[in-house]
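Just follow the structure's listing: the first ligand is 1, and inside any ligand the first atom is 1. Positions are given from 1 along the sequence.
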Amino acid sequence: MDERESCAVDACGELVEVPLRAGDERPIGIFDSGLGGLTVARSIARALPHESICYIGDTERCPYGVRSEAEVRSFVLQVGSWLTRQDVKVMVIACNTATAAALQLAQQTFDVPVIGVIVPGARAAIHSTRSRKVGVLATELTIRSGAYTRAIQDFDAGVDVFGCAAPEFVELVERELADGVRDGSRWLGGVDVFDTPAIRAIVSERVEPLTHHGIDTVVLGCTHFPLLVGPIRAALGPGVRVVSSAEEITRELAEMLSRREELAAATVPVHHRFATTSADTASFATAGGFVFGQPLGEVEHVAPVVLERTAASLL
Ligand code: DGL
């Protein structure tokens, strides 16, 4: 650790020593509207193998991307309240739509730090683009909110941002995941099950407008889209880089926990806990294990009414 990190500035502007905090074994809370956020959880689990995770997917009320902003804001407060009750040390909103609609609200409401996927995704795009023309593929609500445009232009006001809403991609991934659950053998062999001629055709039609305007970087502004990266890359062609926020938010989280001295000690047992609002926990476990890259173990059911009650008692 660098010496300054054990110091703080006092009221007179002088650097003073502050006591170092011990490592923090509490889990990292991760939240998505469903399974897609497991792409973010996977990246976090790989980079921070000593950290425990408490993941909740609001599968019962997915998709968020076609709902009103008010509705998504109330869901974020409910899920955030539940995560607070699980004593998480930080909340990661892995859902782009929820981040666009309610990141600030969650930060103002909860006592722990809350980070979202949009600023890290915007940063990844800024680091990648040379033409300073960036495309964003996301849900309707995320595109409509303008959150990615603002975040990208906060880093570089000279970058042109072109949004492309692709709501049918979420349904496509959900359908493929459900089919895969029904026909488990398709997951075997490590084949890219989402890269089929039929899916390429759907993706290509939607993504086509992003092949104009000199765009050299496209941000996958939706948790589900990294699962379609093969067809998306094929549609955009070799001159366009595809970036997602999963790795970038992992870097940000790791740095934050390290600076706050809240990384878990390597000696403490790691616990990965998964919950869904869907009563079909078995399907969530199968499809989720595919997205997460390893078995989820037993998945808990937390009904939306439980989330509503938790928020009502806490807020
Ligand atoms: N998790 C959402 C997002 O990243 C996609 C799915 C949905 O619409 O709920 O925007």
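With contacts defined as side-chain heavy-atom distances shorter than 4.5 Å, the pair His301/Glu60 does not qualify. Taking the side chain as every heavy atom from C-beta outward, Val170 and Phe225 approach each other to under 4.5 Å.
Taking a cutoff of 4.0 Å between a charged side-chain nitrogen and a carboxylate oxygen, Arg123 and Glu248 qualify as a salt bridge. A salt bridge is absent between Lys133 and Asp216; no separation between the charged side-chain nitrogens and carboxylate oxygens falls under 4.0 Å.
Side-chain contact annotation: Ser128 with Thr217, donor-acceptor N/O pair under 3.5 Å present.
If you look at ligand 1, the protein residues with a non-hydrogen atom under 4.0 Å away are Asp32, Ser33, Cys62, Pro63, Tyr64, Gly65, Cys95, Asn96, Thr97, Thr139, Val170, Cys222, Thr223, His224.
Partner of Tyr64 under the side chain to side chain donor-acceptor pair (under 3.5 Å) criterion, out of Asp58, Thr139, Asp32, Thr97: Asp58 alone.
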